[in-house]
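The next block holds one structure in the form of structure tokens; read it before the comments.
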Number of protein chains: 2
Amino acid sequence: MKIGELGQIAQCTVETVRYYEKEGLLPQPERTAGNFRSYGPQHLERLRFIRNCRALDMTHGEIRTLLEVMDAPAAGCGRVNALLDEHIGHVDARIAELMQLKQQLGELRHQCQAEQPVAACGILQGLVSMESEARQERHTHLG
Amino acid sequence: MKIGELGQIAQCTVETVRYYEKEGLLPQPERTAGNFRSYGPQHLERLRFIRNCRALDMTHGEIRTLLEVMDAPAAGCGRVNALLDEHIGHVDARIAELMQLKQQLGELRHQCQAEQPVAACGILQGLVSMESEARQERHTHLG
DNA sequence: CTCACACCCTGAAGCTACTATAGAGTCAAG
DNA sequence: CTTGACTCTATAGTAGCTTCAGGGTGTGAG
């Protein structure tokens with residue numbers, strides 16, 4: 001099948017497919033006489049795997065590791081389990097950060113209930129005077 | 001004061017300060033005879049404002065909007081309130097996404113309890129066969 | 001046979017919010 | 001007069017794509 005069909009089945013754009021190939025996540029397919037990429041079912045399976053990992057917000061680095069493990073039939077899957085645990089840790093950390101953020105934003109929001117001149121707006125005042133504690137280093141790759 | 005001092009007080013690097021200036025978030029300061037940037041208290045206040053907004057994960061676009069409102073003394077703060085509400089919406093949306101993600105990851109993690117040959121690993125099998133529902137468009141800029 | 005049109009190709013630039021590097025200049029203290 | 005901390009500009013890199021420019025391929029209609 002050609003790249004458009006592959007992308008449609010795997011729910012991503014052709015540009016994304018080509019990008020994964022350039023990144024080495026997806027192997028280079030055969031080409032037709034007219035230089036079009038020609039994919040088989042094994043490419044589709046691999047692309048699905050990648051998209052599923054991305055849907056779980058894994059990085060390309062994490063995905064690359066998983067693919068390497070899969071490509072080594074003799075290997076055990078301990079590394080996979082560890083990677084997943086770590087990734088769950090990232091998600092937990094980010095959730096905690098966002099909950100705290102939400103609380104701060106809620107407090108700020110309460111400081112202005114109605115439209116007023118900007119000089120009187122409690123939100124803007126809060127944003128000027130807030131003391132943001134030194135932002136800690138990130139424990140997650142999630143934005 | 002010079003850029004190093006400004007950065008130290010506002011808890012950011014000098015590169016970040018120069019970047020904000022290039023982005024137009026921070027006005028260009030005067031220069032000394034030796035071409036060093038020379039800041040006053042109004043710059044510090046503005047930089048603090050920006051850093052506080054960033055600590056709340058606002059984008060430069062959102063911050064730019066807030067700064068424009070502040071620079072228009074005649075304006076009302078309705079836009080500010082709306083922007084904050086929207087931003088709180090972003091945070092809520094991202095938290096919901098991550099909670100769902102966490103659940104999916106937890107389920108996946110249960111499918112392999114101990115190290116085994118990769119062919120038998122339930123996690124890898126799950127990642128191959130998962131049907132990721134077409135990822136909905138993002139309602140948030142938060143990663 | 002020729003045309004239109006959908007699809008495909010490559011390579012480069014753009015996005016966000018910075019961070020890092022190179023190579024040069026400034027300034028105060030010893 | 002030299003050392004060392006600081007500053008300057010300009011450029012490239014990060015992640016994971018998306019968009020664009022400028023072309024080539026393939027198929028159905030007239």
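The sequence lines fix the lettering, A, B, ..., with proteins before strands; numbering per chain opens at 1.
In this model, the phosphate group of D:dT18 is approached by a side-chain N or O of A:Thr13 to a distance below 4.0 Å at OP1 or OP2. For A:Thr16 and D:dT18, the shortest distance from a side-chain N or O to OP1 or OP2 is below 4.0 Å.
Minimum atom distance to the side chain of B:Phe36 is reached by C:dC27, of the listed C:dT19, C:dC8, C:dC27. Across C:dC8, D:dT7, C:dA17, the shortest atom-to-atom separation from the side chain of B:Lys2 is found for D:dT7. The side chain of B:Tyr20 lies closest to C:dC18 when the candidates are D:dC17, C:dC8, C:dC18. Residue A:Tyr19 has its side chain nearest to D:dG16 when only D:dG16, C:dT19, C:dT26 are considered. Listed candidates were D:dC17, C:dA20, C:dC8. Nearest to the side chain of A:Ile3 is C:dC8. Minimum atom distance to the side chain of B:His60 is reached by C:dC18, of the listed D:dT18, C:dC18, C:dA20.
Toward the 5' end of DNA chain D, the nearer of the two residues A:Thr59 and A:Gly34, judged by each one's closest nucleotide, is A:Thr59. Of the residues near DNA chain C, B:Thr32 and A:Glu5, the one whose nearest nucleotide (by heavy atom distance) lies more toward the 5' end is A:Glu5.
Backbone-only contact: A:Arg37 has heavy atoms under 4.0 Å from sugar-phosphate atoms and none from a base.
Paired with A:Arg37 under the rule salt bridge (charged side-chain N to carboxylate O under 4.0 Å, His left out), one option of A:Glu30, A:Glu21, A:Glu5 passes, and it is A:Glu21. Shown are A:Gln103, A:Arg109, A:Gln104; of these, the side-chain hydrogen bond (donor to acceptor under 3.5 Å, both in side chains) with A:Glu107 is made only by A:Gln103.
A:Arg18 places its CZ atom 11 Å from the P atom of C:dG11, with the value rounded to the nearest Å. Distance CG (B:Leu47) to P (C:dA17): 16 Å, rounded to an integer number of Å. Taking atom NZ of B:Lys22 as the reference point, atom C1' of C:dT19 lies 11 Å away to the nearest angstrom. Per the geometry, CG belonging to A:Asn35 stands 11 Å off P belonging to C:dG11, to the nearest Å. A:Arg64 places its CZ atom 9 Å from the P atom of D:dA15, with the value rounded to the nearest Å. Nucleotide D:dT7 holds its C1' atom 14 Å from the CG atom of B:Leu6, rounded to whole Å. Between the CD atom of B:Glu23 and the C1' atom of C:dT19 there is a distance of 14 Å, given to the nearest Å. The separation between A:Asp57 atom CG and D:dC17 atom P is 10 Å, rounded to whole Å.
Within 6.0 Å of atom CD in A:Gln8, 12 or fewer heavy atoms from other residues, nucleotides or ligands are found, so the atom counts as exposed in its surroundings.
A salt bridge links A:Arg94 with A:Glu97: the distance from a Lys NZ or Arg NE/NH1/NH2 to an Asp or Glu carboxylate oxygen falls below 4.0 Å.
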* Evaluation steps, side-chain contact (heavy atoms from CB on, under 4.5 Å), between B:Val91 and B:Asp57 -> CA-CA 9 Å; B:Val91 174; B:Asp57 266 352; 5.9 Å; no
